[in-house]
Amino acid sequence: MGALNILLLQGKKTMLPQTVNSASSPLRPSRILAVDDEELIREVLSLIFEKTPHQIDFAVDGQHALEVWHQANQPYDLMIIDLNMPRMNGSRLIQEIRELDSAVAIIVLTGHGGPNEAYHLLENFRISDFLTKPLDDPNQIRFSAENALARYRLEQETRIQTEELTKINLELQISKQYMDNIIASMSDSLIVLNPDYTIRTINQEALQLLGYEETELLGKPAKLIFDEYEAQRHEFEELVIKGTIKGIEKTYLRKNQKKVTVLASCSAMYADQGNLEAIVCVAQDITHRKQTEEALRLAKENAELANRAKSQFITNLSHEMRTPLNGIIGNTELLLDNKTPSKQVEHAEAILTESNVLLELINGLLDQAKIAAGKMILAEKPFHLENFMDNLDRIMGSRARQKGLHYEYELSPDIPVGLVGDEARLRQIMVNLIGNAIKFTGKGTISIKGEVACDLQDNMLLRFSVQDTGIGIPKKSQVSIFDSFTQADGTIVRNYGGTGLGTTISKALVEIMGGEIGFESEEGKGSTFWFIALFDKIKDDTVLEQLLQSTVKSSSETTSLQRTGHILIVEDDETNRSVMIEHLQNAGYTIETAENGQLGLEAFKNSRFDLILMDLQMPMMDGLTASRLIREEDRGIKTPIIAVSANVYSNEIESCLSAGINDFLEKPIYRQKLYAMLDKWLGHGKETEVFSTEEDISLLSTISHSESPPFNYERALEELNGNKERLENILSRFLERLTPQLETIRNALKNGESETVRKEAHTIKGGALTLTAKSLADQALQMENLGRSGNLKNGQEILDNIISEKQRLENYFITAIK
């Protein structure tokens with residue numbers, strides 16, 4: 001031991017920074033590996049750590065130390081390493097150890113090396129201490145070891161805590177990201193409030209609903225977005241007590257101060273200590289649902305009102321129809337019982353009057369059905385407006401004057417005399433409005449006015465008004481005055497009668513005519529009903545001149561014209577058959593009849609007729625089938641076939657055309673309407689452009705191109721009083737206009753402009769009919785119908801036919817006329 005004491009007392013220590021006070025660090029068992037080639041040093045170290053709780057192992061050199069390191073079942077906490085050793089010196093061993101364990105504490109105990117080497121090892125390999133042999137104090141090595149071990153344990157604990165904190169932080173980040181993803185993917189709005197009712201969190205759905213940016217709301221008071229905030233704050237306070245409120249309706253305020261109705265569920269969140277942490281509100285926008293519910297409620301109410309209105313309408317209609325029927329039945333009985341001729345005439349006139357009233361009711365119902373089905377088509381043709389108003393005055397003015405009312409009308413001088421439009425539908429609107437004015441006016445004036453609302457290039461909007469001094473319309477009833485099956489007041493039905501269809505049909509017709517309708521009324525002072533409708537201008541001076549001539553001619557014609565011809569009536573209804581026979585025999589025609597299509601076909605095979613009146617709906621064989629079979633038997637003569645029907649819709653026209661029917665006559669059959677149709681086809685009167693149906697149908701004769709010239713030169717010349725030069729001028733101008741019109745149609749077909757196709761084809765058809773160029777007019781009619789339908793698929797084929805007819809007309813003009 002003496003030698004050992006001398007050895008230790010001779011040692012000198014190189015002082016290194018000390019970070020842990022050994023006196024204050026409690027000893028904890030650790031594993032130490034001492035590496036030194038000197039056996040004496042190993043014995044000294046064994047004696048130093050003998051009374052410590054630490055376990056110490058030894059190695060004789062660096063290579064041996066690595067073997068011991070790898071064979072150990074637990075890692076070492078501290079290594080005491082000599083530098084100068086065989087096989088592997090201490091510096092190399094330190095490098096190897098640092099690659100195996102970067103944290104283990106290392107003390108260098110060497111008899112060689114000075115401060116530079118100590119600094120090098122301290123800087124590059126993070127050694128804990130550098131001691132030189134011999135040591136001044138044998139305890140110095142123990143103090144240094146305890147200091148290094150304490151530092152090592154602190155680093156280990158710090159490392160473990162750091163790893164745990166890192167792991168916790170990572171878990172928190174993952175949890176936050178998970179929650180953020182949940183919040184971001186929510187289809188409902190989420191708002192989290194702090195205990196002081198400021199906004200802590202708000203998701204994108206809520207921001208979009210409210211119209212804010214996130215920075216505008218975070219940390220702001222909740223009253224910014226909650227309507228009736230104080231009341232809702234009371235709910236929140238109750239929520240703090242109850243913990244959860246589910247499925248309550250709330251109102252949010254958007255940034256623009258508009259209100260949004262939401263269905264909300266709110267929950268209170270508490271900290272571990274039981275303190276309120278937050279209030280979470282999840283809400284779903286139910287504004288659209290509330291609107292839908294309200295719309296359904298209104299729709300239900302409207303449906304109930306409509307049902308009541310229809311029930312009332314049926315009641316009114318039953319009453320209105322019974323009234324003329326009672327008159328018809330009563331007067332018929334009186335007519336049969338009374339033998340006095342004057343009384344018979346009186347009863348017959350009463351029957352006719354009541355029948356017309358009944359017919360007007362039925363026509364109103366049919367028109368309503370047509371409008372509802374979208375099958376009401378306007379008949380656009382030239383008409384004389386002043387003549388139209390004069391005729392209206394004779395009918396409606398007479399009715400007003402019989403009631404003791406003053407009737408007057410005025411047309412603005414800016415309105416052209418001749419217009420193109422549906423005269424019949426214009427008359428129907430005016431008769432409805434004027435009839436109501438007369439019905440609801442006890443005394444005073446009925447004033448009619450027509451003026452220009454807007455003058456356009458090719459057409460114009462006209463404004464017509466009907467003013468009365470009658471009972472007026474109550475304000476509560478004004479909103480429904482144009483509704484179907486509705487009258488202003490139930491007392492009106494009792495006092496004045498009517499079904500309420502007149503204004504409804506008038507509104508629909510005005511809208512079909514491209515206009516609008518309205519009224520001003522004051523109860524007890526009268527009403528003014530007005531409407532605006534679109535009419536085309538007559539561009540062709542010749543058409544206008546012919547219109548004026550026809551007006552003068554029609555006013556001077558008498559009804560005593562005697563007609564000749566052999567006519568076949570194919571009609572299953574005995575009454576209709578009897579009426580037509582009576583009218584036609586009185587006019588001078590020879591008549592044969594058949595009760596169905598089969599008998600009509602047999603009659604046609606046995607005799608020659610100048611014209612056939614064909615009912616469409618009959619037993620045994622209908623009118624379409626009979627007409628088709630007659631056309632097969634009638635290849636050379638082309639006898640005109642006129643369809644007699646209560647109604648012909650536009651979707652039936654093509655079938656009638658293919659069956660060979662030329663024109664239509666609507667029931668009931670009035671004498672003058674029947675005569676006009678026969679005059680048209682048998683040459684007793686002036687042939688008009690448009691047939692007598694309301695659908696604007698101009699069905700032409702079926703003579704093929706090879707069987708006839710492109711136009712009836714003699715007829716056209718006759719219409720111009722034999723003025724050949726005038727006819728040549730008109731035809732030349734027509735052909736000049738036709739070229740750009742066809743080019744316009746060609747471009748419109750390419751661009752899918754169906755309305756342009758319809759208008760241009762309609763203009764060509766009118767000019768062609770005026771010139772009696774029926775083949776050209778027939779092709780133009782097909783093009784017009786194509787444009788009206790909106791399907792231009794076969795347009796090019798029809799255009800080629802029109803061009804061919806134009807060429808035929810040009811050739812005929814050059815070779816046969818000029």
Side-chain angles (χ1 to χ4, degrees), residues 165-304:
L165 289 174
T166 301
K167 182 180 179 181
I168 293 171
N169 186 51
L170 180 60
E171 290 175 351
L172 288 174
Q173 289 180 355
I174 293 173
S175 178
K176 182 179 183 303
Q177 185 177 6
Y178 178 73
M179 292 302 300
D180 288 344
N181 289 337
I182 291 176
I183 293 172
S185 63
M186 288 177 64
S187 59
D188 294 337
S189 64
L190 172 70
I191 300 174
V192 180
L193 302 180
N194 292 312
D196 63 351
Y197 302 108
T198 57
I199 300 171
R200 176 191 293 187
T201 304
I202 184 165
N203 70 346
Q204 193 61 39
E205 190 70 22
L207 292 171
Q208 186 174 352
L209 176 66
L210 299 172
Y212 282 99
E213 296 293 332
E214 187 177 39
T215 54
E216 295 178 292
L217 290 179
L218 290 183
K220 299 297 174 33
K223 65 181 180 181
L224 198 62
I225 58 174
F226 287 101
D227 188 33
E228 299 179 357
Y229 173 72
E230 292 302 326
Q232 296 204 29
R233 179 162 181 168
H234 178 69
E235 287 184 356
F236 288 141
E237 291 172 352
E238 289 185 353
L239 173 64
V240 172
I241 300 173
K242 295 180 180 179
T244 300
I245 298 177
K246 294 184 178 181
I248 58 173
E249 285 193 10
K250 288 185 174 293
T251 304
Y252 285 173
L253 281 176
R254 290 176 53 84
K255 185 177 181 180
N256 57 12
Q257 296 305 300
K258 289 186 177 180
K259 297 182 179 181
V260 182
T261 304
V262 298
L263 188 66
S265 294
C266 300
S267 298
M269 298 178 63
Y270 296 92
D272 294 338
Q273 297 79 11
N275 297 325
L276 179 66
E277 179 70 19
I279 297 174
V280 180
C281 294
V282 178
Q284 181 182 10
D285 182 8
I286 60 171
T287 303
H288 180 69
R289 192 184 80 182
K290 297 287 287 185
Q291 291 172 347
T292 302
E293 290 174 353
E294 179 65 15
L296 288 174
R297 185 188 65 80
L298 292 176
K300 182 175 180 292
E301 291 180 358
N302 291 334
E304 292 172 350

Min side-chain heavy-atom separation Lys250-Cys266 under 4.5 Å: yes
4.5 Å side-chain heavy-atom contact, Ile199 and Leu224: no
Residues which pass side chain to side chain donor-acceptor pair (under 3.5 Å) with Glu213, listed by chain and number, not counting sequence neighbours: none
Heavy-atom closest contact (Val192 atom, Ala278 atom, distance): CG1-CB, 3.8 Å
Those residues that, when tested against Lys167, pass side chain to side chain donor-acceptor pair (under 3.5 Å) (two or more places apart): none
Stepwise salt bridge (Lys or Arg N to Asp or Glu O under 4.0 Å) test for Arg289 and Glu293: CA-CA 6 Å; Arg289 192 184 80 182; Glu293 290 174 353; 3.6 Å; yes
Heavy-atom pair of closest approach, residues Ala268 and Leu276: CB-CD1, 4.0 Å
Leu210 CG to Ile225 CD1 distance, which is reported to the nearest 0.5 Å: 5.5 Å
Closest approach of Val262 to Asp285 (non-hydrogen atoms, all atoms of both residues): CG1-CA, 4.1 Å
Donor-acceptor pair, side chain of Thr261 and main chain of Ile286, under 3.5 angstrom: no
For Lys255, salt bridge (Lys or Arg N to Asp or Glu O under 4.0 Å) partners two or more places apart: Glu216
Asn203 side chain to Asp188 backbone, donor-acceptor under 3.5 Å: yes
With Ser265 via side chain to side chain donor-acceptor pair (under 3.5 Å) - residues at least two apart: none
Residue pair Leu209 / Glu205, side-chain heavy-atom distance below 4.5 Å: no
Any residue meeting side chain to side chain donor-acceptor pair (under 3.5 Å) with Gln291, in chain and number order, not counting sequence neighbours: none
Any residue meeting side chain to side chain contact (heavy atoms under 4.5 Å, CB included) with Asn256, in chain and number order, not counting sequence neighbours: Arg254, Lys258
Ala206 to Ile191 - nearest heavy-atom pair and separation: CB-CG1, 4.2 Å
Asp196 (side chain) donor-acceptor with Thr198 (main chain) under 3.5 angstrom: yes
Closest approach of Leu253 to Tyr212 (non-hydrogen atoms, all atoms of both residues): O-CE1, 4.4 Å
Value rounded to 0.5 Å, distance of CG in Leu207 from CG in Leu190: 10.5 Å
